[in-house]
Amino acid sequence: MFASEILSAGMYVPPGVVTNHDLSKLMDTTDEWITQRSGIKERRWVAPEVTTSDLALKAAEEAIQKAGIAKEEIDLIVFATLSPDHEFPGTGVFLQHKLGLAGCASLDIRQACSGFLYGLSVADQFIKTGMYKTVLLVGAEIHSKGMDKTTRGRDVAVLFGDGAGAVVLRRTDVNNPSRILSTHLHAEGAHAQELWVQAPGMNLGGDRMTMAMIEEGMQYPKMNGKKVFTHAIRRMAEVLHEGLAQNNMKLDDIDLFLFHQANLRINEMVAQELKIPAEKVFNTIQKYGNTTAATIPIGMTEAVRAGQLKKGMMVASAAFGSGFTWASAIYRW
Ligand code: COA
């Protein structure tokens with residue numbers, strides 16, 4: 001029997017810092033509103049010529065270098081994103097080519113904010129069955145090119161940022177303490193329209209995209225913020241408990257919580273509900289906003305750099321997002 005070990009993590013955010021004050025020049029918003037509701041102070045936006053696979057490449061290169069593997073050892077690329085380079089094919093193949101690789105498998109994951117944990121679970125299953133030995137898992141997003149950056153879209157536009165994170169997973173022995181212990185995945189499609197981009201699409205009565213749809217702004221993300229907020233708190237707490245129960249663990253057994261970064265208030269309320277001490281929760285949203293599939297690997301990379309994530313520590317991650325989808329993972333670093 002095999003298990004998966006997370007060998008390393010890497011990240012990349014573009015240099016362009018956009019503060020709340022900068023946003024207030026584009027739309028009717030204030031630093032006070034954004035900070036109070038979300039904890040976000042700034043985020044990164046890419047230059048026009050930069051694409052999602054470019055961000056992913058830089059994060060992947062750091063993860064590969066830190067893992068101490070040759071890139072040719074990668075058997076599978078799992079690429080989680082809701083902001084792909086193109087409609088098809090998936091962005092994993094563009095990353096593969098930029099890495100100078102050919103032949104290895106490539107798979108894209110579309111589970112938005114739960115995408116990294118869904119990808120972690122997929123990678124773990126391929127490794128556990130013995131099919132693959134080494135998997136590169138990337139979460140990368142460019143939101144700045146896809147949001148309505150006017151007052152009409154301000155409820156969404158202030159929350160999201162651009163960035164990428166990556167990990168290298170490797171087959172290990174089930175007795176290796178450093179391994180993924182379990183992953184837990186859920187979805188409830190009844191709420192799919194509460195956080196979505198409607199167009200382009202095949203369910204729009206005719207052509208997948210028309211000028212009328214663009215004028216209406218159907219290409220921009222729409223969100224029922226209050227509903228997402230309340231569901232996120234409930235589901236993240238629930239799925240963390242599910243992971244702990246499966247491993248006969250208590251909250252005290254976890255050394256570090258690396259949650260998805262949607263809103264600092266969501267993570268504070270999850271921690272409060274579960275009575276997790278604040279110092280055990282590692283947040284990065286203040287600097288980067290919500291980078292969707294990239295938040296957890298960015299958190300891993302920064303926590304390692306800060307000396308807050310060390311070899312042998314027990315970690316719990318949880319995420320919630322569009323779908324609705326939600327997920328958790330329990331792993332020893
Ligand atoms: N700046 C200023 N005002 C804004 C604004 C902005 N960026 N965005 C919305 N508003 C306004 C609204 O128009 C509304 O005005 P009205 O009351 O005159 O109609 C008002 O602020 C809404 O405020 P409030 O009810 O206090 O908002 P909220 O407490 O629901 O907070 C969110 C809004 C989006 C911050 C919050 O719902 C949230 O974080 N939800 C979860 C979002 C999330 O995590 N998404 C990603 C999931 S992976």
Side-chain angles (χ1 to χ4, degrees), residues 18-43 80-83 109-119 139-141 143-144 146-163 165 185-189 191-197 217 220-237 239 258-272 283-286 288-299 317-328:
V18 177
T19 64
N20 293 345
H21 180 67
D22 295 332
L23 289 183
S24 72
K25 292 179 205 151
L26 299 175
M27 60 192 83
D28 182 10
T29 192
T30 60
D31 173 50
E32 193 193 2
W33 193 97
I34 301 169
T35 307
Q36 256 180 22
R37 303 293 198 299
S38 72
I40 299 165
K41 297 302 286 184
E42 58 187 46
R43 73 286 295 140
T81 189
L82 63 66
S83 46
I109 301 269
R110 301 195 60 199
Q111 270 55 30
C113 292
S114 308
F116 182 80
L117 292 182
Y118 264 74
E141 306 286 357
H143 287 301
S144 59
M147 301 183 298
D148 182 354
K149 298 189 292 256
T150 68
T151 299
R152 182 176 67 167
R154 64 182 177 175
D155 60 325
V156 171
V158 301
L159 298 178
F160 291 87
D162 304 341
L185 311 179
H186 296 280
E188 192 176 20
H191 306 295
Q193 297 173 6
E194 305 293 356
L195 175 53
W196 70 336
V197 173
Y220 294 127
K222 302 282 170 4
M223 176 178 74
N224 179 343
K226 280 197 189 350
K227 196 158 186 184
V228 172
F229 198 97
T230 50
H231 279 250
I233 293 163
R234 177 156 66 92
R235 295 307 195 181
M236 282 170 69
V239 78
L258 287 175
F259 295 145
H260 170 55
Q261 306 285 302
N263 184 322
L264 191 60
R265 307 296 165 237
I266 292 178
N267 290 354
E268 284 170 351
M269 287 179 82
V270 171
Q272 197 183 329
N283 289 311
T284 58
I285 190 163
Q286 302 91 327
Y288 305 131
N290 180 351
T291 56
T292 304
T295 63
I296 293 176
I298 285 176
S317 285
F320 179 90
S322 170
F324 291 154
T325 57
W326 60 102
S328 69

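Indexing begins at 1, ligand by ligand and atom by atom, following the structure's order.
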- Item | Glu42: partners by salt bridge (Lys or Arg N to Asp or Glu O under 4.0 Å), with sequence neighbours left out |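 Expected list: none.
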Less than 3.5 Å apart, N/O on ligand 1 and N/O on the protein: could you list those pairs with the distances?
from, atom 1, to, atom 2, distance (Å)
ligand 1, 1 (N), Thr29, OG1, 2.7
ligand 1, 3 (N), Trp33, NE1, 3.3
ligand 1, 7 (N), Thr29, OG1, 3.1
ligand 1, 7 (N), Arg154, O, 3.2
ligand 1, 13 (O), Arg154, NH2, 3.0
ligand 1, 21 (O), Trp33, NE1, 3.4
ligand 1, 25 (O), Lys226, NZ, 2.4
ligand 1, 26 (O), Arg37, NE, 2.9
ligand 1, 26 (O), Arg37, NH2, 2.9
ligand 1, 30 (O), Lys226, NZ, 3.0
ligand 1, 37 (O), Gly225, O, 3.2
ligand 1, 39 (O), Asn263, ND2, 2.6
ligand 1, 40 (N), Gly225, O, 2.9

- Query: How would you list all residue pairs meeting salt bridge (charged side-chain N to carboxylate O under 4.0 Å, His left out) that involve residues 146-156, not counting sequence neighbours?
  - Reply: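 As it turns out, the salt bridge (charged side-chain N to carboxylate O under 4.0 Å, His left out) pairs with a partner in residues 146-156, which skip direct neighbours, are Asp28-Arg154, Asp148-Arg152.
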- Just checking, any donor-acceptor pair under 3.5 angstrom between side chains of Lys41 and Thr35?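 Their side chains do contain a donor-acceptor pair, which is all the 3.5 Å distance test asks for.
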- Message: Can a donor-acceptor pair be found, under 3.5 Å and without considering hydrogens, that links the side chain of Arg43 to the backbone of Asp162?
- Response: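 It does not hold such a pair.
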- Item | Over 12 non-hydrogen atoms of neighbours within 6.0 angstrom of CD in Gln36 |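 Enclosed.
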- Task: Just jot down the ring-ring contact (aromatic ring centres under 6.0 Å, His included) partners of Phe259, sequence neighbours excluded, or say none.
- Result: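 Residues passing ring-ring contact (aromatic ring centres under 6.0 Å, His included) with Phe259: Phe257.
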